[in-house]
Protein chains: 2
Amino acid sequence: MAGNTGTAGRSVTSRALSLLAAFDEDHRRLALTVLAERAGMPLPTAHRLVSDLVEFGALTRTPSGDYVVGRRLWDIGLLAPVQSGLREVASPHLQDLYGVTRATVHLAVRDGARALYVDRLRGHASLPIVSTVGSRLPLHATGVGKVLLAHAPAAVQEEVFRELPRLTPFTITAPGSLRRQLTLVLRDGFATTAEELGLGACSVAVPVVQRDQVVAALGVVVPSLTRDRPRLVAALQVAAQGISRSLARVPAVVGEAAENSAPPALADGG
Amino acid sequence: MAGNTGTAGRSVTSRALSLLAAFDEDHRRLALTVLAERAGMPLPTAHRLVSDLVEFGALTRTPSGDYVVGRRLWDIGLLAPVQSGLREVASPHLQDLYGVTRATVHLAVRDGARALYVDRLRGHASLPIVSTVGSRLPLHATGVGKVLLAHAPAAVQEEVFRELPRLTPFTITAPGSLRRQLTLVLRDGFATTAEELGLGACSVAVPVVQRDQVVAALGVVVPSLTRDRPRLVAALQVAAQGISRSLARVPAVVGEAAENSAPPALADGG
DNA sequence: TCATGACTTCCGCTGGACGGAAGAGGAAGC
DNA sequence: GCTTCCTCTTCCGTCCAGCGGAAGTCATGA
């Protein structure tokens with residue numbers, strides 16, 4: 001295992017947390033043995049801590065004996081102010097966009113050198129979609145990613161360009177190519193991908209702006225772009241401008257993916 | 001023993017978790033002092049544990065000094081298999097429903113004696129909406145709640161009927177009235193509310209079925225029902241049947257929501 | 001300036017966490 | 001059926017990490 005959260009944190013708390021951190025998108029259910037190993041601690045220790053976590057509801061044991069993240073943690077996690085202002089404001093516009101395009105719609109922000117998907121609407125005839133809410137995908141191989149990358153600080157771009165992993169035969173791995181594309185993204189106001197992340201999936205994306213800063217990207221995924229790219233771009237731009245306009249009235253969605261101070265505006269009733 | 005968050009659990013782990021549990025919908029940001037008090041532990045102890053939690057990313061400190069639930073916990077929480085099958089399947093249908101009605105759309109399951117909102121689409125002209133994903137609202141005062149209540153086991157109905165809190169002047173608090181309504185819900189296949197949860201909000205809801213069992217309820221919220229109730233009911237029923245049909249091909253959406261009460265499995269043995 | 005309240009740090013005591021080892025449980029294999 | 005193998009569970013003596021009262025620091029506001 002690549003040195004993940006392991007190293008068995010010193011404090012009890014950090015150990016318990018490293019058990020939670022052992023779960024990820026590719027490991028949604030874990031047997032105790034695996035869990036202990038991934039968290040980097042002896043089995044009896046894991047066993048004891050896991051009992052506590054289960055009792056609390058942070059983990060749940062399936063009938064088959066595996067552990068999964070529990071509903072209690074789901075509850076609490078939803079309270080996190082992760083782009084809640086942005087999500088709240090954008091939600092209706094995503095709906096509209098879906099209504100017009102009937103394509104899978106994505107809203108993403110940049111989280112370091114990755115695109116963090118904060119909302120998603122999925123269409124009926126959906127392609128094999130990789131992303132779900134909470135996913136982090138590479139910036140260089142997704143539509144929303146290219147938009148976010150084009151508007152990212154030089155340091156981030158540099159980091160991304162250092163390694164451009166090939167995900168399909170069509171993934172752009174030549175720095176020059178990508179660099180040229182980013183220039184076009186800035187000029188034209190939209191980015192596209194063609195089977196660069198997964199076969200059979202193309203995408204278009206546009207920036208979402210707040211106070212002259214790109215705070216998010218809005219994108220759609222479709223089987224092919226040859227036919228109606230202009231139409232999709234138009235629809236996306238209308239939706240993105242709608243979101244941007246609403247964002248102008250909201251305090252602080254900005255601060256990239258970093259912890260935006262919870263906007264009191266939409267937070268609670270008062 | 002159904003203790004709340006307090007009582008400062010014995011083990012360090014449970015103490016740390018009780019700090020997380022101190023957050024809820026009405027307390028999304030807490031100062032350290034309040035946090036310590038709500039979690040039922042001395043301030044220095046809370047301080048130390050909170051540091052661990054912040055370091056991990058389970059909590060985040062806002063510039064103002066308050067604590068909020070952190071992004072890391074959001075991530076992990078999203079991995080919970082909370083109705084993920086149901087949500088995934090239902091998502092496109094909710095979109096369609098929104099497209100037709102332009103009203104706020106809800107998908108809820110029963111969680112004990114409450115309606116747990118597992119998904120929501122919010123319209124533009126949205127009324128003051130109380131529910132968000134993860135909310136738990138009373139069964140007797142919401143459209144989806146009445147549907148779920150009508151199809152709930154006798155024991156649950158009994159529990160709900162024991163106390164029918166008044167939320168607005170229009171909340172139904174007379175057991176007889178409610179009982180009669182539930183009968184109609186079963187007969188007609190849909191439930192309605194009229195400003196029973198909040199003023200200015202009415203709702204219609206229908207059941208979602210899997211293998212002859214009601215596993216969820218689908219509802220819309222609108223400012224008034226006088227005009228187009230028939231239209232809404234029709235749209236809801238089409239969408240609900242679409243979901244139900246898709247669910248027939250999916251293993252087991254039930255059970256996930258079922259084990260809400262503390263499973264006696266691990267309980268006293270260890 | 002002083003008072004107040006919220007947070008942070010200190011430090012000696014102690015009780016809870018640690019984890020090796022041994023015991024159950026159960027599913028494949030002989 | 002019996003054996004083997006693997007995963008999970010329980011036990012228990014050692015000892016160190018967590019505990020929390022008390023004192024110190026930093027803002028705010030009177």
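The chains referred to below are lettered A, B, ... by the order of the sequence lines, with proteins before strands, and numbering in each begins at 1. Predicted model, so just to flag it, every value in this text is computed and none were measured.
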Nearest whole Å is fine: how far is dC6(D) C1' from L32(A) CG? 13 Å
Can you name the residues that form a side chain to side chain contact (heavy atoms under 4.5 Å, CB included) with A80(B), not counting sequence neighbours? V69(A), W74(A), V82(B)
Could you grab the distance from atom CD of E25(A) to atom CG of D75(B), nearest 0.5 Å is fine? 9.0 Å
N/O (side chain, H47(A)) to phosphate O (OP1/OP2, dT9(D)) under 4.0 Å: yes
Nearest whole Å is fine: how far is dC7(C) P from E37(B) CD? 12 Å
Could you check R29(B) against S64(B) for side-chain contact (heavy atoms from CB on, under 4.5 Å), going step by step and ending with a plain yes or no? CA-CA 10 Å; R29(B) 39 190 309 155; S64(B) 70; 3.0 Å; yes
Helix axis bend for the helix from dT1(C)-dA30(D) to dC30(C)-dG1(D) - C1'-based end axes, five pairs, 10° rounding: 40°
Partners meeting side chain to side chain contact (heavy atoms under 4.5 Å, CB included) with P44(A) (sequence neighbours left out): P42(A)
Using the ring-ring contact (aromatic ring centres under 6.0 Å, His included) criterion, which residues pair with H140(B)? Sequence neighbours excluded. none
Residues forming a side chain to side chain contact (heavy atoms under 4.5 Å, CB included) with D52(B), sequence neighbours excluded: S11(A), T13(A), E55(B)
Whole-Å distance, D66(B) CG to dG5(C) C1', equals 14 Å
Distance under 6.0 Å and angle within 45° of ring axis: R28(B) vs F23(B): no
Atom CG of L43(A) to atom P of dG23(C): distance rounded to whole Å? 17 Å
Give every pair of a protein N or O atom and an N or O atom of nucleotides 17-22 of chain C that lie under 3.5 Å apart, one pair per line with the distance.
residue, atom, partner, partner atom, Å
dA17(C), OP1, V12(B), N, 2.9
dC18(C), OP2, R48(A), NH1, 2.4
dC18(C), OP2, R48(A), NH2, 3.0
dG19(C), OP2, R15(A), NH1, 2.9
dG19(C), OP2, T45(A), OG1, 2.9

Euclidean distance, atom CG of residue L35(B) to atom C1' of dA6(C) [Å, nearest integer]: 13 Å
Main-chain N/O of V109(A) paired to Q83(A) side chain as donor or acceptor, under 3.5 Å: no
